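Taking it in order: structure first as structure tokens, then the write-up.
Throughout, numbering of the chain's residues begins at 1 and tracks the sequence. In this text the structure is predicted, and so the values were computed from the model without any measurement.
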Amino acid sequence: MRWGACTEQPGAPAAMRCGTLTVPLDYADPAKGTVTIALAKIPANGRKRLGSLLLNFGGPGGPGIESLAADPKSFADLGESYDLVAFDPRGVGHSEPVSCGGALDTDLGAGPGPAAQLAALRAVVKRCEEHSGPVLPYIGTVHVARDMDVMRQVLGDKKLTYLGFSYGTRLGAVYAAQFPGKTGRMVLDGVDTLTEPLTQQALVSAQGQQQALDDFLRWCTHQKGCVFGTNTRTAKERVNALVARLDKEPLAGQDGSAFTGQDVAAGIGGALYTRGSWPALAEALTMAERDHDPTGLLQLGGPDAPPPPGNGSAEPAADRVPADNMAAALVAVNCADDPDRGQEQAAPAAIQKEITGLEPEFRAASPVFGQHQLMTVLSCYGRPRGTDFIRRIDRPGAPRMLLVGTRGDPATPYRWTEETAGRLGSAVVLDYKGDGHTGYVHSGCVRERVNAFLIEGALASGTRSCPADE
């Protein structure tokens, strides 16, 4: 492939070069056509060049090129030895992006009844098919992992050196399972689940978000002026009451829109991705609780589109990428990866019964986040089964790799780190006892150990730990 200027990524570092790679749409049947994958690299700037380091910043649906352009400084130490290479996975960003023609919201949990809601979900799926082109059925992780092996070959590396965050850890683990002999030094930070069905994923996610919220409230009640007082148990009760109250009687936003308890949960969830957002979250909750003003929570955003690892900011790509691409790709990938779903032909009454039966368990997992996570169980309704999906991963024989788990992670609970380590069989766990999503950009200790492994190959056996960084 040829590298050239990154004309479609405003604000890209001067050293960054961009290019495209053509791969089969369906590796099982190459005659079906091809898909174009967009890549970018920042060449190594030190004397000791070790090859290429492929990065994935998460999602599913996260654009890798934009994320690397936003914050190359966080990876400067690695960039002395490696060409830093990012890519937009198929269906994402500049790699033939999928779209659903607008918002994916169908206001589940309210409305005229399950039949109408499920019909609305089917309508969303139809819009996705109309706006996405041929790549939509071939967007799952197994396909993307195979794309990564083509990238490895084109980059000229005998083995893949890889650093993946969040969903990028699922990609790395699936690559190692498919190509254990081609796997080099691999680090997975913020470890995703591999084989749990969507219902179990949603339940564990609700528990993880609740644990992160409890950690925040413990911090808040020790700060001067916390709107929920000084008692952590009482603070939890007051947050639960705020969400329940606004679900019944929403606040009015400045534009006249209704701000519900689920919107509160989305704002809290977004702020829990980094501990640095906690003061802003405390202020936003004060505005909502004391002044009945949702502005602060609206400014925090929601958890479905977390910032990429790092602290920088790049101008968004002014291009042909649809505004809903990240949301559309997230659902499409998660559904393609789930072999256990069987809802597409189920009767509305049967699905309503299933959701009603699950509700107490989800509310017990989290009064704040349980309802939203429960509704994600329906996200694949009406979609055809994926053309390929993650099957059981059982000690594939890849070389030792490093898995970083964060104890207070709201998106990828620590238990997934331990479960994935067991399935890979060759993983060393780094237990980061901090808060926020992923550890590399939040902890000097984590960064030092990751860099030592990727650059020097230094990797101690067993579980190691890093303290929480204040």
Is a side-chain N or O of [X] found less than 3.5 angstrom from the main chain of [Y], in a donor-acceptor match?
X	Y	value
T183	F179	yes
S443	G439	no
R400	A427	no
D147	R90	no
S95	A38	yes

Minimum heavy-atom distance between [X] and [Y], given as atom pair plus value:
X	Y	result
A336	G140	CB-CA, 3.8 Å
V264	L242	CG1-CD2, 4.2 Å
Y381	R122	OH-NH2, 3.3 Å
A332	L136	CB-CD1, 3.9 Å
A282	T286	O-OG1, 2.9 Å
T221	C226	N-SG, 3.9 Å

Is there a side-chain contact between [X] and [Y] in this structure, where contact means two heavy atoms from C-beta onward sitting under 4.5 Å apart?
X	Y	value
Q178	V142	yes
L78	L454	yes
W219	P279	yes
L55	F57	yes
D293	F259	no
V446	L430	yes
Q299	M287	no
V35	Y138	no

Practice task
List the steps and the verdict of side-chain contact (heavy atoms from CB on, under 4.5 Å) for L54 and T161.
Solution key: CA-CA 6 Å; L54 192 64; T161 305; over 6 Å; no
Measure the [atom1]-[atom2] distance between [X] and [Y] for me, rounded to the nearest 0.5 Å.
X	Y	atom1	atom2	result
T232	E237	OG1	CD	11.0 Å
F165	N56	CZ	CG	9.5 Å
D77	I455	CG	CD1	6.5 Å
I393	L194	CD1	CG	4.5 Å
R152	D149	CZ	CG	4.5 Å
H372	T376	NE2	OG1	6.0 Å

Exercise for the section: Report the relative orientation of the aromatic rings in F216 and W278; use parallel for angles under 30°, tilted for 30 to 60°, perpendicular for over 60°. Expected result: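 Correct class here is perpendicular.
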Problem - Q373 side chain to Q209 side chain, donor-acceptor N/O pair below 3.5 angstrom - result: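 Q209 and Q373 do have a side-chain donor-acceptor pair below 3.5 Å.
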Practice task
Sort out for me which residue in T420, T193, N334 forms a side chain to side chain donor-acceptor pair (under 3.5 Å) with R170.
Solution key: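 One option only clears the test, and that one is N334.
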Please determine whether a side-chain nitrogen of the Lys or Arg among [X] and [Y] lies less than 4.0 Å from a carboxylate oxygen of the Asp or Glu.
X	Y	value
R407	D431	yes
R245	E249	no
E456	R185	no

Practice task
Kindly check if the number of other-residue, nucleotide or ligand heavy atoms within 6.0 Å of CD (E283) is above 12?
Solution key: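 For E283, atom CD is not crowded (no more than 12 foreign heavy atoms under 6.0 Å).
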Handout entry: Other residues, nucleotides, ligands: >12 heavy atoms within 6.0 Å of K433 NZ
Key =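 Atom NZ in K433 is crowded, with more than 12 foreign heavy atoms closer than 6.0 Å.
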Handout entry: Verdict with supporting geometry, S52 and D157, side-chain hydrogen bond (donor to acceptor under 3.5 Å, both in side chains)
Key = CA-CA 7 Å; S52 303; D157 296 311; 3.2 Å; yes
Practice task
Any pair with a residue in residues 435-454 that passes salt bridge (charged side-chain N to carboxylate O under 4.0 Å, His left out), sequence neighbours left out, goes on the list, sorted by first then second residue, please.
Solution key: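 Listed once each, the pairs are R275-D435.
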Exercise for the section: Evaluate side-chain hydrogen bond (donor to acceptor under 3.5 Å, both in side chains) for T141 paired with Y167, printing each intermediate quantity in order. Expected result: CA-CA 9 Å; T141 298; Y167 166 72; 2.6 Å; yes
Handout entry: F75 ring center near Y440 ring center (under 6.0 Å)
Key =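 Yes.
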Problem - side-chain hydrogen bond (donor to acceptor under 3.5 Å, both in side chains) between D192 and T169, worked out - result: CA-CA 6 Å; D192 200 358; T169 68; 5.2 Å; no
Practice task
Evaluate side-chain hydrogen bond (donor to acceptor under 3.5 Å, both in side chains) for T406 paired with H437, printing each intermediate quantity in order.
Solution key: CA-CA 7 Å; T406 299; H437 185 37; over 6 Å; no
Handout entry: salt bridge (charged side-chain N to carboxylate O under 4.0 Å, His left out) involving D215 - partner list, sequence neighbours excluded
Key =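 For D215, the residues satisfying salt bridge (charged side-chain N to carboxylate O under 4.0 Å, His left out) (neighbours in sequence not counted) are R218.
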Handout entry: Results of salt bridge (charged side-chain N to carboxylate O under 4.0 Å, His left out) for R423 - residues two or more places apart only
Key =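 Listed in chain order: nothing, the list is empty.
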